[in-house]
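Working notes for the structure below.
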Amino acid sequence: MPDYNVKNISTLKTRIQIFDKVIVVVWVGLIVLLYYDISWAVAVLLITQIVLYIIRRRMKKELNQKEILAKMVEDRTTDLRQERDKVVQESKELSEALDALAKAQDELVRKEKMATVGNLASGLVDRILNPINYINNFSDLTLSTVKELRTDLEEVRGSIPEDRFADILESLSIIETNLDKINDHGCNTVRMVKAMEELIKSRHGNVTATDLRSICKVSMEMARRHYANEIETNGIDLRLNAPDTPVTAEVNIDEMNKVMHHLLSNSIYAIGKRLQKENFSPQIIIRVIPMSGDRTEISVRDNGIGIENAIKSRIFEPFFTTKPTSEAAGTGLYLCREMILNHKGTISVESQQGEYTEFRITIPNHQDTTSDE
């Protein structure tokens, strides 16, 4: 079977055109030779003309075959391209479906974990709080009794030997110290249990179209009032960078306010920690940034003490904190993440120890509430 090279079709056409011109020239030569009656030359040109026609016919046949083959190759190539595009599109759809399935599985696992924690914690909260409240109340009452006893003791001081009086005072001081510790640990336990109670609260619905700039402004003003002493003493520059036009998104206003409160509280704490080591110009900047794809980013950046790389991956874990137990329960950032996940958003952190920390929140501007029903 002959080898049909579709790339040589144009070359073959050119050769056929040349043969056509040569055949015309030969016909002209035949006419001239017939006119001059040169019979032997006429015979030679006739044979040449026959050979040219045979060669031309074979070339035409080969050209037709190559054109048919080229058309078949082109049609097949078109079919293959269409099949390839179809496979690519199906692969893309399959990849998107797998991503959506993975996200749905992650969300389902997260909700199942929360449900499990909720079932465990809901039965423990009251059982723990009640005895702890008794402990705190009776420690307070006992402290008051000790203070009254100290006053009564002062009134009869003259009738008690001095060394005996000193021993009694020392015993009362030990009792007061122990009661203070019992009360402190009791209050810390209550704080932890209240944090557990906060973890198991249902956080769905109440979504309202709101200007995110307003939420940030309100949160900033609340932080200025709540931490007025720290902000004034440390000279913290707390400001908001936002567009001049509204940035509307469907959010749970109460949850977003809590998220901003936790982040600003952490920023003020981090700045205070750094100021204990060095002098600098403390600054907290809140940014509202509209993004492509119908999403908005909110960032909170401070130039405080930063986060160590060793613990950066753990900061969103429940009950993990670098603060003293008396100051924090370790649920703030965990709750922030849960609230943002409830908004189908993401929260991430970027930090350089001793220089800065920046939390970035990205949420969709519109919530698909039907998927949660």
Side-chain angles (χ1 to χ4, degrees), residues 1-107 243-245 247-249 287-297 299 344-346 348 350 360 362-368 370-371:
M1 186 175 180
D3 180 21
Y4 301 124
N5 189 349
V6 295
K7 295 182 180 179
N8 293 331
I9 290 178
S10 60
T11 303
L12 194 56
K13 287 182 177 180
T14 302
R15 289 178 182 176
I16 291 174
Q17 290 174 356
I18 293 173
F19 266 76
D20 289 340
K21 292 178 181 179
V22 172
I23 288 172
V24 171
V25 172
V26 171
W27 279 118
V28 172
L30 280 171
I31 295 172
V32 172
L33 292 176
L34 287 172
Y35 180 79
Y36 288 103
D37 194 21
I38 307 175
S39 56
W40 65 270
V42 171
V44 172
L45 284 182
L46 281 173
I47 295 171
T48 302
Q49 192 74 311
I50 292 171
V51 173
L52 289 174
Y53 269 107
I54 293 172
I55 296 174
R56 180 180 179 278
R57 182 178 178 182
R58 290 183 176 178
M59 292 174 65
K60 287 283 290 182
K61 183 178 179 182
E62 183 180 359
L63 176 62
N64 289 336
Q65 291 175 334
K66 286 183 178 290
E67 288 179 337
I68 292 172
L69 180 60
K71 183 67 168 59
M72 292 174 61
V73 171
E74 183 180 357
D75 291 343
R76 183 55 181 160
T77 301
T78 302
D79 292 341
L80 289 174
R81 285 175 179 169
Q82 291 176 348
E83 291 178 5
R84 181 201 63 189
D85 294 341
K86 184 178 179 180
V87 170
V88 170
Q89 181 63 27
E90 290 177 350
S91 298
K92 182 179 178 182
E93 292 175 356
L94 179 59
S95 177
E96 292 175 351
L98 289 173
D99 290 341
L101 178 60
K103 290 179 180 178
Q105 288 176 333
D106 291 342
E107 181 70 9
D244 296 330
T245 55
V247 182
T248 304
R287 291 187 177 91
V288 179
I289 308 169
M291 303 173 65
S292 59
D294 196 34
R295 300 178 75 83
T296 301
E297 178 181 286
S299 73
K344 309 296 189 298
T346 61
S348 61
E350 181 180 326
R360 293 193 182 99
T362 304
I363 56 173
N365 295 338
H366 301 284
Q367 297 291 323
D368 182 12
T370 59
S371 62

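Source: prediction; values computed, not measured.
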Check your understanding: Is there side-chain contact between Arg76 and Leu80, with at least one heavy-atom pair below 4.5 Å?
Key -> yes

Check your understanding: Do the side chains of Gln82 and Lys86 get nearer than 4.5 Å, heavy atoms only?
Key -> no

Check your understanding: Hey, what do you get for CD (Glu83) to OG1 (Thr78), rounding to the nearest 0.5 Å?
Key -> 11.0 Å

Review point. Can you tell me how far CG of Leu45 sits from CG of Leu34, rounded to the nearest 0.5 angstrom?
Key: 9.0 Å

Exercise for review: Answer whether the closest heavy-atom distance between the side chains of Met72 and Ile68 falls below 4.5 Å.
Suggested key: yes

Practice item. Let me see the working for Lys13 and Lys66 under side-chain contact (heavy atoms from CB on, under 4.5 Å), right down to the final yes or no. Key: CA-CA 11 Å; Lys13 287 182 177 180; Lys66 286 183 178 290; over 6 Å; no

Review point. Residues in side chain to side chain donor-acceptor pair (under 3.5 Å) with Arg295, at least two apart?
Key: none

Review point. Which pair of heavy atoms, one from Thr296 and one from Val288, lies closest together, and at what distance?
Key: CG2-CG1, 4.1 Å

Revision key, fill the gap. So CG of Leu94 and NZ of Lys92: to nearest 0.5 Å the spacing works out to 13.0 Å

Review point. About how many Å separate NE2 of His366 and CG of Asp294, when rounded to the nearest 0.5 Å?
Key: 4.0 Å

Practice item. Mind checking the CD-CG spacing from Gln65 to Leu12? Nearest 0.5 Å is all I need. Key: 10.5 Å

Check your understanding: Which atom pair, heavy atoms only, marks the closest approach of Arg56 to Ile23?
Key -> CD-CD1, 3.6 Å

Review point. With the threshold set at 4.0 Å, does a side-chain nitrogen-carboxylate oxygen contact exist between Asp75 and Lys71?
Key: yes

Exercise for review: Starting at CD1 of Ile55, measure out to CD of Glu62 and round the result to the nearest 0.5 Å.
Suggested key: 12.5 Å

Practice item. Measure across Pro243 and Pro290 and return the closest heavy-atom pair with its distance rounded to 0.1 Å. Key: CG-CD, 3.7 Å

**Study point:** Check: Ser91 main-chain N/O paired with Ser95 side-chain donor or acceptor under 3.5 Å
**Key:** no

Check your understanding: Can you find a heavy atom in the side chain of Leu52 that is under 4.5 Å from one in the side chain of Gln49?
Key -> yes

